[in-house]
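First listed ligand is number 1; within each ligand, the first listed atom is number 1. Everything numeric here is computed off the predicted structure, so don't read it as measured data. Note: hydrogens, waters and symmetry copies are ignored here, and every other heavy atom, side chains too, is used.
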Amino acid sequence: MHLSFPAGFLWGAATSGYQIEGAADADGKGPSIWDRFTHTPGTILHGDTGDHACNAYDPARLSADLDLMVELGLKAYIFSAQWPRIQPDGRGPANARGLDYYRRVVDGLHERGIVPILTIYHWELPQALQEKGGWLERDTVERFVAYAGILHGALGEQVPYWITQNEPHTSTWEGHGGGRHAPGLRGERNALTAAHHLLLSHGRVVREFGAAATGGKAHYGAVLAITPVRAADPASAADRAAAHRVDGEQNRLFLDPIFRGEYPEDIRARYRTLTDDFAFVRPEDLAIIHTPSDFLGINYYTPTRIAAGPDDRVLLRGPLGPRTAMDWAIDPAGFHEVLTRVRQEYTGQLPLIVTENGASFRDYLDPEGRCRDTERVDFLRDHLREAQRALADGVPLAGYCVWSLLDNFEWDSGYRERFGLVYVDYATQRRVPKESFAWYQGVIRANALEVGG
Ligand code: GCO
């Protein structure tokens, strides 16, 4: 079967600053919470850090990577700016050398006919702001708007798509609730406070710089990772209630304020006492968060299976069927479910972009020096087929990006997990396009998917 995609479909690949750049203190860059966190013993598998990562900050490496994107045929590329390259301590004027790097990325993409999609925040808060409370403090929202203003002023004309906040649920729950990510804080009160400020920072930036405000070519939206949350035993009312609660915390906590201007009632009720009735929310905030976005980015990886535990706890259950190296269930139908749900319940005709989809497998170079990642080809094919089905069902999908262009630093899992279309030999920084690279190249060239059956 030949499944074609709309003309002008944005075929892309994604990366993020800390995960690929390295050069942790080059050219006046200040430390971020991730620099601090990775240098704290016991936080990251094998003690890995992003100090060198894929060395993508290096000018020669940058231009070679850009050429790889051309070879792949990319129409769009998602990358993120690291805030402390632009403002080393999170405030004040721009550090010109840091800004120049992102200018070179954007110029390099334009020279090659690739659309830049720039993430303003992929979790690299300047450590100096963390020391003043970070996302627990409302003032960080003001600092964020100032930082976004520097980027918009420098690149607003050249960058058509801007991602305000990438996966705020991860910053919220991993960074401020469970402590597995920087800044390593714990507790629901911290998590919900951070969530509100992350959401408010999104709304403020859309309001100030989005297409409606500036009449500009720059489109602003958030990226949310949406997971279908399923009851481990669908026949159990307790499991279904537990799944609904987790859906609230992972998905609705972000979708509802952005697209309905309200927090989900079940979450408000559950955490009313703990948060002094959401004391961090001021009267005007929800209207600001609800400012119409220009698009929504969706990351999809895997569904979540939940059972009810003792003492009002919820239990995460492992996958039942095939899984990736990270033990994430491979569930392409969940992708269609997410896209259609978001359209039906929240976004209507607003353009959606799949900003990340992909998988880690135990990739290696064989004796001929090749990486035959057949599992990734199957994964991507099966997911793209679902994206195509969503399009056929009327989901206004404008693009699809693979996570990731390159193998890179996978947060608390360090370098063990490889998500790239391109294999990276970290010792030499040599890049080896995988079998999935050649396969994706064919899809982009045809603007279509060939599938059996
Ligand atoms: C994100 C993601 C990426 C991860 C990817 C695989 O928020 O954009 O967390 O940074 O590397 O999702 O886990």
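Relative to the ring axis of F361, R418 does not place its NZ or CZ within 45° and under 6.0 Å from the centre.
Using a 30° and 60° split on the angle between ring planes, H181 and W123 fall in the tilted class, from 30° to 60°.
The residues D107 and R104 are annotated as not salt-bridged, no charged nitrogen and carboxylate oxygen being separated by less than 4.0 angstrom. D373 and K434 are not joined by a salt bridge, as no carboxylate oxygen comes within less than 4.0 angstrom of a charged side-chain nitrogen. Look at R252 and D266 and you find a salt bridge, because one of the NZ, NE, NH1 or NH2 atoms lies within 4.0 Å of a carboxylate O, short of that distance. The residues R431 and D425 are annotated as not salt-bridged, no charged nitrogen and carboxylate oxygen being separated by less than 4.0 angstrom. Under a 4.0 Å N-O distance rule, the pair E142/R204 qualifies as a salt bridge.
The protein heavy atom nearest to atom 12 (O) of ligand 1 is Y301 OH, 2.9 Å.
Among the atoms of E410, some N or O lies under 3.5 angstrom from an N or O of ligand 1. Note: an N/O pair closer than 3.5 Å links N166 and ligand 1 by distance alone. The shortest N or O to N or O distance between N408 and ligand 1 is not under 3.5 Å. Ligand 1 has a nitrogen or oxygen under 3.5 angstrom from a nitrogen or oxygen of W411.
Within ligand 1, the atoms closer than 4.0 Å to a non-hydrogen atom of Q19 are 3 (C), 4 (C), 10 (O), 11 (O), numbered from 1 in the order shown. Close approach to F419 involves these atoms of ligand 1, each under 4.0 Å from a residue heavy atom: 6 (C), 13 (O). Atoms of ligand 1 found under 4.0 Å from any heavy atom of N299, numbered from 1 in the order shown, are 8 (O). Close approach to W328 involves these atoms of ligand 1, each under 4.0 Å from a residue heavy atom: 13 (O).
M326 does not count as a contact of ligand 1, since none of its heavy atoms falls under 4.0 Å from the ligand.
Under 4.0 Å from ligand 1, not a single heavy atom of Y18 appears. Here E356 has side-chain heavy atoms under 4.0 Å from ligand 1, and that is the only part of it that gets that close. With a 4.0 Å heavy-atom cut-off, ligand 1 is reached by no atom of E417. When non-hydrogen atoms are compared, ligand 1 lies under 4.0 Å from neither the backbone nor the side chain of T170.
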One pair to check against side chain to side chain contact (heavy atoms under 4.5 Å, CB included): L315 and I306. What are the steps and the verdict?
CA-CA 6 Å; L315 304 174; I306 293 295; over 6 Å; no
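Between W135 and N190 the shortest side-chain heavy-atom distance does not fall below 4.5 Å.
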